[in-house]
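Please read the structure below before turning to the comments.
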Protein chains: 2
Amino acid sequence: MGRPVNHQRRAELLDQAVEYAIEHGFADLSWRPVAAALGVSTTTLVHHFGTKEQMLETILGRLRERTNAQVGAQPSLAAAARTAWVRTSDPRQWAEFRLFFAVYGRALQEPRLFAEFLDRVVTDWMNALVDAQGPDADPASARRRATLVIATIRGLLLDLLATGDRERVQDAAEAFLAALPPDA
Amino acid sequence: MGRPVNHQRRAELLDQAVEYAIEHGFADLSWRPVAAALGVSTTTLVHHFGTKEQMLETILGRLRERTNAQVGAQPSLAAAARTAWVRTSDPRQWAEFRLFFAVYGRALQEPRLFAEFLDRVVTDWMNALVDAQGPDADPASARRRATLVIATIRGLLLDLLATGDRERVQDAAEAFLAALPPDA
DNA sequence: CGGTTTATAGAACGATCGTGCTAGGAACGA
DNA sequence: TCGTTCCTAGCACGATCGTTCTATAAACCG
């Protein structure tokens, strides 16, 4: 059993596992391929993470930390939207977006793990983006605005990542961003 | 080999397979569970569909027909958006939406089949929704509007289906629909 | 030094996967 | 009636999956 674990070694393996997930997605995230990519045996992974579901949960937690760090640093709702879109101009950063959207696909069939993750992440977004709209904004309408902006950007990004066709969404995305109140 | 097939029998099995996919998603869509649910043997499915990937492709084709029939019947862009949202008030219809969004998740890791499907479906949407905006509209801006409305609705629906929390998106969705030009 | 704890690895078990091989009936034209 | 074509089924193969059992080094502490 994988009871006693050194947390430092575990953190090392976790970082490498997250990188593997970003590159390969959740589809082939089984013990053996991950272990081979990390240069360890499956037993080592089991020892440090326990169950495959626990490893998934741990990876998702790490992913949430990353996302929160990026969203929380945005000074305004419009800035957050622009940042997300601009980041897609570098195809090397697509992998991380891709992994994130893969969670949405999984949440449709494994709610207890992936939908729970989304629940937390979207709540985090909401809080950060409502705060970014300033303390004088009406909370209800601020939430409504944030929800709509998130949904629109998410829809555009999803189309872009799923089809790989940037041309299709570029005009619409720029029109949407240009129409956003710059400081809201 | 599954070469010669009676197309009527094949169509029967296909309809049942599509229903199974709507209920269970693509995750457990392997020969044996489908065959068991349909009351036939795996050999029968192989005989009629050839390869598992070919069965998936056939199911996706059927799904595209369904979607086109619904979108193509919409008189306007705003009506299409409203129809999609209203349909989510009945949780029994969530399964079909769910299956559709599962395609987006799969497209991130299996482009040759699922992304190709999305490419066609979104193009179909675009044509139908640009037509629905009337012949006097500027084609470029009509495309831009359709892309944005599709993206926003898709983002809202995805949030709703992935988290199951209708309350979170309801206000934003209704605000968005109310702000849409009614006849555009 | 000896003993306990931790990290790592190899092997194997049962389950499920896609697929191929073999073969039994049913329908139907010659 | 015989032969061909089509539908259906059972079985087995190799591969991969998550997990468990067993064993070997290394580190740490008395």
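Note that these values count all heavy atoms, side chains included, but never hydrogens, waters or copies made by symmetry. Remember, it's a predicted structure, so these values are computed and weren't measured experimentally.
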| query | Counting only side-chain N and O atoms of B:His47, is one of them less than 4.0 Å from OP1 or OP2 of D:dT8? | reply | no

| Ion pair present between B:Asp171 and A:Arg143, side-chain N to carboxylate O less than 4.0 angstrom? | no

| task | State whether the distance check finds a donor on one side and an acceptor on the other, under 3.5 Å, for side chain A:Thr42 versus base D:dG18. | result | no

| query | Between A:Arg32 and B:Gly39, who's closer to the 5' end of DNA chain D by nearest nucleotide? | reply | B:Gly39

| said: In this structure, how many angstroms lie between the C1' atom of D:dC17 and the CG atom of B:Asp28, rounded? | reply: 14 Å

| request: In whole angstrom, give the distance that lies between atom CD of B:Gln8 and atom C1' of D:dC6. | output: 14 Å

| task | Output the single nucleotide from D:dC21, D:dT8, C:dC17 whose closest atom is nearest the side chain of B:Ser41. | result | D:dT8

| task | Scan B:Ser30 against the nucleic acid and name what it touches under 4.0 Å (heavy atoms): base, sugar-phosphate only, or nothing. | result | sugar-phosphate

| said: Does D:dC17 have OP1 or OP2 under 4.0 Å away from a side-chain N or O of A:Trp31? | reply: no

| message | Using a 4.0 Å heavy-atom cut-off, does B:Arg9 contact any base of the nucleic acid, only the sugar-phosphate backbone, or nothing at all? | response | sugar-phosphate

| said: Whether the B:Gln16 and B:Glu12 side chains hold a donor-acceptor pair (N or O, under 3.5 Å, no angle test) is what I'd like checked. | reply: no

| field | Approximate separation, where rounding is to 0.5 Å, of A:Ile22 CD1 and A:Arg98 CZ | value | 12.5 Å

| said: Heavy atoms from C-beta onward define the side chain here; which of D:dA9, D:dT19, C:dT8 lies closest to that of A:His48? | reply: C:dT8

| request: Mind calculating the distance between CG (B:Leu13) and C1' (D:dT8) to the nearest angstrom? | output: 11 Å

| query | C:dA7 P sits how many Å from A:His7 NE2, rounded? | reply | 9 Å

| request: May I have the distance from A:Leu45 (atom CG) to D:dC17 (atom P), rounded to whole angstrom? | output: 13 Å

| note | Here the distance between atom P of C:dC17 and atom NZ of B:Lys52, to the nearest Å, is 8 Å

| request: Nearest-nucleotide wise, let me know which of A:Pro33 and A:Thr43 is further upstream toward the 5' end of DNA chain D. | output: A:Pro33

| query | OP1 or OP2 of D:dC7 less than 4.0 angstrom from a side-chain nitrogen or oxygen of B:Thr44, does that happen here? | reply | no

| When the distance from CD of B:Glu12 to P of D:dC7 is rounded to whole Å, what number comes out? | 11 Å

| Parallel, tilted or perpendicular for B:Tyr20 and B:His24, by the 30°/60° rule? | parallel

| query | Just by modelled atom types, is the A:Gly61 backbone N or O under 3.5 Å from a matching donor or acceptor in the A:Arg120 side chain? | reply | no

